[in-house]
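Below is one structure, written out as structure tokens; comments come after it.
Residue numbering restarts at 1 for every chain, and letters A, B, ... go by the order of the sequence lines.
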Amino acid sequence: MNEAPSAPLVRVRGLKMHFPVHAGLLRRHVGDIKAVDDISLDVNESETLGLVGESGCGKSTAGRAVLRLYDITDGSITIDGTDISNIDQDKLRHLRPKMQMIFQDPQASLNPRMTVAGIVGEPLVEHMSLSKNERLDRIYELMDAVGLARSFANRYPHEFSGGQRQRIGIARALALHPKFIVCDEPIAALDVSIQAQVVNLLEDLQERFGLTYLFISHDLSMVRHIADRVAVMYLGKIVELAPRDELYATPLHPYTQALLSAVPEPDPVRESQRKHIILTGDVPSPANAPVGCNFCTRCPKAEDICRQIDPEFREVAPGHFTACHFVTDTTRKTAGSTAGNEANT
Amino acid sequence: MTDIAPESLAEARPPQSQWRNVWDQFKTHRGAVWGMGFFIFVVLAVTLGPYLWTIDAQYIDIRARNQGPNLSHPLGTDQLGRDTLARVLQGGQVSMAVGITAMALSLILGALIGVVAGYFKRLDGVLMRLTDLFLALPLLPLLLVIIMLFRDTLRAAFGPETGIFMLIVFVIGITSWMQTARIVRGDVLALKEREFVIASRSIGTPARRMILRHILPNVLSPITVSATLGIANAIITESALSFLGLGFPSDFPTWGRLLFDSTDYLQQYPERVLWPGLAISLTVLSVNYIGDGLRDALDPRIRGR
């Protein structure tokens, strides 16, 4: 993958995913759940973009919306040069092989009435015209790639452990040689020992097939391990996006700082000296987001401006974007007051 | 869920048909096997029986009337001297045919409407209101009206027996699909949000194959249950219609007809109610057992236990 990384593989601009709320006797439209509210990000070829945030902040919705599993409210999504934000599902079907998804709950994401061969073979049936034997060969190949014994092909999902099931899900996602895979918390439902196996498998596969991941997780240490760049979400918005090392070394947004300070430190001496930033209150409802900065209700640094004006998501250092009024562009090279919110690195 | 023990590196078998596993599991359900055996026996008896027991069910031998079981009439005779065994065998043909076809019709209708209503949000309101409408209709007056209106035209077109058969099957079918539709719709609504359906959508599976591959196999359990109850229901409804004089002609035997004819003689000859009654209840019971075994066999989570 040594082509000039001029155009990112996935380019998302101003993506909004609002779910309407109907209430009352006449089912009138009374508001929207703003699950994803105006996010922009790029994923470059062969990189892993980590998307972190707490429960309910819209990570999974964002991941699904990027693959157009929902009809998005607004914004544009371009994958591999094709704008998929508004094309209908029939045309989208032919583009599906390029983009696949790995799901959070390996128990729920496999049809309990299909065998492993049926599950892994489904994408092949849908998109390729293979003979029965060719398909079986490909299924075996995929099972080998994810480390499942071929003799498992006739078994049903309930006969497997969580880690094995997740491997089945990965094999299914790989079946059509995708370029881009959305991993929606693929390790959240697994034991810690299995998590490492699955993450290593994902990394191996990335190397072998040149895959690009959007890796959604709430596990900051795992994201630090796997991601090249990290985006932090809070209440439907991206508050900070930066290369991994920079984000973990110098988090700029108060929410990122609080999130990182919550990660435990293995060394007890250092742990006792660390100062935790403890956020008070709860996440506001996405149906009724605060005016101004979304984080102003819980931010330790919030001032009046935060409650009135929504901070712009801007580049404050090369490749480091954040949305906070108090972060100045003094860090290293000034990017000026960039009007656009381009995320090209 | 347990981890799977590493097995010997045996050659991977090519995927075998799921139906084989289903049959293997079905065989382990003793009740289902008995039920299946009995059901086949009944089907054979009512189809081949009249060729072996050659007394005509309509033949009136007035001198031999009201006999108890004896060698020439194993199940006795009725008040006109007609042989009960022959009547039970011939009546079974019609009752079984009505039961199975009416059940199939109501099942297809119910499953189709349930799946479509559950899967396509836009049609949900319309189809469910239609279901409510049918549930709210008083069935007996509706049946009376339908039969009054169409009996003679159908009789003229297809002959008295086929015409009335079609009418009864149709009437029972369209008045008994609602429960199935409701249950199936509820299940489909829940299934539609499951991750494996979303996964299949992310692959780009179109709606038709999504329903056939993911939705229908997972709603098979409620459908099999409705099917087994449906056969019983259809046989009994047909009996009720015959009793009201709206079904088959009065000299044409069906199990329901025999049962209701014999109730007049319940005090003098109680065994006469027994034969059609036994036939109905044992058939229904065997079908219920088959349904039970089938439901277990179709669920891979129960299979092999």
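- Of the listed residues (A:Arg93, A:His94, A:Arg64, A:Met99), the greatest number of heavy-atom pairs within a distance under 4.5 Å of chain B belongs to A:Arg93.
- Taking both residues in full, the closest heavy atoms of A:His18 and A:Val36 are given as CD2-O, 3.6 Å, listed atom of the first, atom of the second, then distance.
- A pairwise comparison of heavy atoms in A:Ala175 and A:Leu124 identifies O-CD2, 3.7 Å as the closest pair.
- Ranked by non-hydrogen atom pairs under 4.5 Å with chain B, the options A:Ile102, A:Val116, A:Leu110, A:Ile139 are led by A:Leu110.
- Within the 4.5 Å cutoff, side-chain heavy atoms of A:Arg113 are placed close to those of B:Asp299.
- The greatest number of non-hydrogen atom pairs below 4.5 Å with chain B, out of A:Leu69, A:Asn133, A:Leu176, is found for A:Leu69.
- Neither the backbone nor the side chain of A:Arg68 has a heavy atom closer than 4.5 Å to any heavy atom of chain B.
- Annotation: A:Phe19 is in aromatic contact with A:Tyr70 [ring centroid separation under 6.0 Å].
- Under the ring-ring contact (aromatic ring centres under 6.0 Å, His included) criterion, B:His214 pairs with B:Phe196, sequence neighbours left out.
- Residue A:Val182: no heavy atom, backbone or side chain, is found under 4.5 Å from chain B.
- Proximity to chain A (any heavy atom under 4.5 Å) is restricted, for B:Leu220, to the side chain, taken from C-beta onward.
- For A:Gln89, no part lies near chain B; criterion is any non-hydrogen pair under 4.5 Å.
- For residues 99-132 of chain B, no residue pair satisfies the ring pair (Phe, Tyr, Trp, His ring centres under 6.0 Å) rule, not counting sequence neighbours.
- Of the atoms belonging to B:Arg213, heavy atoms from both backbone and side chain fall under 4.5 Å from chain A.
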